[in-house]
Visitor: 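Below is one structure. I have some questions about it.
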Amino acid sequence: LWPWLLASSGLSALVQLVTLPFFPDSPSYLLIQKGNEEACRKAIRRLWGEGDHQAEIDDIMKEKGAMASTKTLRVLEVIKERSLRWQLYILMIVMITLQLCGINAIYFYSFEVFHTAKFEEYLIPYVSLGVGLCECLSTILCSTLIDRFGRKVLLWGGYLLMCSVLALLTMTLSLQHRFFWMHYFSVILIFLFVVFFGIGP
């Protein structure tokens with residue numbers, strides 16, 4: 001079953017590859033990068049139908065003017081620019097915490113936790129698949145919550161809940177040889193960690 005599951009991801013790539021030539025270029029790309037206003041109008045009509053789309057074209061022209069007046073900075077210039085320093089620090093912290101938050105360790109050791117929880121061998125791959133599906137669904141849920149609560153609340157809340165779950169998971173893994181039900185609690189915590197990772201970071 002696993003080879004078919006892995007191969008199924010190629011199906012969507014094949015569909016995109018076949019259908020991509022039939023999609024029009026982005027109107028903003030045609031106008032800003034190529035400078036072709038007629039092709040831009042044609043793409044807009046193809047995307048949004050017939051009608052007066054001058055307002056959209058004017059917006060793209062404003063964007064083009066703004067880009068022309070903005071200086072493109074190199075990497076070293078971005079690092080040296082004082083006005084961008086806090087944004088750069090925040091971005092670096094978010095990326096570092098994303099890499100060190102523990103999601104890779106959870107995925108790596110989940111198979112062992114499921115095995116210790118006395119799941120049948122043939123069921124473990126499906127439970128692992130459920131963990132991945134859980135992350136996918138929580139990411140979809142995040143897209144609906146982000147407009148309501150904002151990025152900062154989801155980031156702080158996600159990391160706080162993930163820390164709490166990791167602390168509990170450490171405790172349950174330490175006590176799993178004393179209490180038989182700790183194995184199942186560890187499995188639940190793994191699923192919760194993945195959900196909070198999908199909703200937060």
Side-chain angles (χ1 to χ4, degrees), residues 1-13 16 73 75 78-201:
L1 183 62
W2 282 105
W4 289 104
L5 285 172
L6 287 171
S8 65
S9 61
L11 183 63
S12 62
Q16 290 178 36
L73 298 176
V75 176
V78 170
I79 294 170
K80 292 177 181 177
E81 183 64 44
R82 282 185 173 274
S83 62
L84 301 174
R85 196 157 290 172
W86 277 110
Q87 293 92 320
L88 187 64
Y89 289 157
I90 291 167
L91 185 64
M92 286 172 63
I93 289 168
V94 169
M95 290 297 105
I96 289 168
T97 52
L98 189 62
Q99 291 299 315
L100 302 177
C101 68
I103 189 67
N104 294 324
I106 289 291
Y107 276 125
F108 186 78
Y109 289 109
S110 61
F111 187 89
E112 187 179 332
V113 172
F114 298 149
H115 185 75
T116 311
K118 303 296 188 292
F119 279 99
E120 297 289 339
E121 285 290 336
Y122 75 93
L123 283 176
I124 291 176
Y126 295 102
V127 179
S128 299
L129 186 65
V131 172
L133 184 64
C134 207
E135 183 181 355
C136 182
L137 292 174
S138 61
T139 305
I140 294 169
L141 177 63
C142 174
S143 64
T144 61
L145 294 175
I146 198 164
D147 290 330
R148 185 172 178 184
F149 297 105
R151 293 171 191 259
K152 191 185 288 187
V153 172
L154 291 181
L155 274 173
W156 278 105
Y159 279 124
L160 184 64
L161 291 169
M162 285 164 63
C163 286
S164 304
V165 168
L166 281 178
L168 287 171
L169 186 61
T170 303
M171 188 173 64
T172 57
L173 290 175
S174 301
L175 298 173
Q176 64 184 355
H177 299 295
R178 295 188 184 182
F179 307 100
F180 73 94
W181 49 269
M182 280 290 181
H183 304 299
Y184 305 105
F185 197 45
S186 298
V187 172
I188 293 168
L189 288 172
I190 285 174
F191 275 90
L192 282 175
F193 183 88
V194 170
V195 168
F196 295 146
F197 174 79
I199 290 175

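All of these numbers come straight from a predicted model, not from anything done at the bench.
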Visitor: Roughly how far apart are Phe197 CZ and Leu161 CG, rounded to 0.5 Å?
Guide: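 Reported to 0.5 Å precision, the distance equals 14.0 Å.
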
Visitor: List the atom of His115, the atom of Glu121, and the distance in Å for their closest heavy-atom pair.
Guide: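 Heavy atoms only, the tightest pair is CE1-OE2, 2.7 Å.
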
Visitor: What's the separation between atom CD in Glu112 and atom CD1 in Ile124, rounded to the nearest 0.5 Å?
Guide: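 Answer for the CD-CD1 pair, Glu112 versus Ile124, is 10.5 Å.
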
Visitor: Show me the side-chain donor-acceptor pairs of residues 92-103 shorter than 3.5 Å, one per line, residues at least two apart or across chains.
Guide:
{"residue": "Thr97", "atom": "OG1", "partner": "Ile93", "partner atom": "O", "Å": "2.8"}
{"residue": "Thr97", "atom": "OG1", "partner": "Val94", "partner atom": "O", "Å": "2.9"}
{"residue": "Thr97", "atom": "OG1", "partner": "Tyr159", "partner atom": "OH", "Å": "3.0"}

Visitor: Drop me the distance from Ser143's OG to Ile199's CD1, to the nearest 0.5 angstrom.
Guide: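 Rounded to the nearest 0.5 Å, the OG-CD1 separation comes out at 10.5 Å.
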
Visitor: Within a reach of under 6.0 Å around CZ of Arg151, are more than 12 heavy atoms found that belong to other residues, nucleotides or ligands?
Guide: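 Atom CZ in Arg151 is not packed in, count stays at 12 or less.
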
Visitor: Would you be so kind as to tabulate the donor-acceptor pairs closer than 3.5 Å made by side chains of residues 179-193, with sequence neighbours excluded?
Guide:
{"residue": "His183", "atom": "NE2", "partner": "Gln176", "partner atom": "O", "Å": "3.3"}
{"residue": "Ser186", "atom": "OG", "partner": "Thr172", "partner atom": "OG1", "Å": "3.0"}
{"residue": "Ser186", "atom": "OG", "partner": "Met182", "partner atom": "O", "Å": "3.0"}

Visitor: Determine whether Leu133 and Leu137 make a side-chain contact, defined as any pair of heavy atoms from C-beta on separated by less than 4.5 Å.
Guide: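 Sidechains of Leu137 and Leu133: in contact.
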
Visitor: State which residues pass side-chain contact (heavy atoms from CB on, under 4.5 Å) with Phe108; sequence neighbours excluded, sorted by chain then number.
Guide: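 Not a single residue meets the side-chain contact (heavy atoms from CB on, under 4.5 Å) criterion with Phe108.
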
Visitor: Hey, could you give me the CG/OG1 distance between Asp147 and Thr144, rounded to the nearest 0.5 Å?
Guide: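 Going from the CG atom of Asp147 to the OG1 atom of Thr144 covers 8.5 Å.
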
Visitor: How far does CG of Leu129 sit from SG of Cys134, to the nearest 0.5 angstrom?
Guide: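 Leu129 atom CG to Cys134 atom SG measures 11.5 Å (nearest 0.5 Å).
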
Visitor: Does Leu160 offer a backbone N or O that forms a donor-acceptor pair with the side chain of Ser164 under 3.5 Å?
Guide: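 The answer is yes, because a donor-acceptor pair under 3.5 Å joins these two groups.
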
Visitor: If you round to the nearest 0.5 Å, how far is CG of Leu154 from NZ of Lys152?
Guide: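 If we round to the nearest 0.5 Å, Lys152:NZ and Leu154:CG are 12.5 Å apart.
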
Visitor: Got Ile106 and Leu166 here, is their nearest side-chain heavy-atom distance under 4.5 Å?
Guide: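 Sidechains of Leu166 and Ile106: in contact.
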
Visitor: Does Tyr109 OH have over 12 foreign heavy atoms under 6.0 Å away?
Guide: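 For Tyr109, atom OH is not crowded (no more than 12 foreign heavy atoms under 6.0 Å).
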
Visitor: If you count the non-hydrogen atoms of other residues, nucleotides and ligands that lie under 6.0 Å from CD in Gln87, is the total more than 12?
Guide: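 Enclosed.
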
Visitor: Where do Ser138 and Gly198 come nearest, in terms of heavy atoms and distance?
Guide: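 For Ser138 versus Gly198, the nearest heavy atoms are OG-CA, 3.3 Å.
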
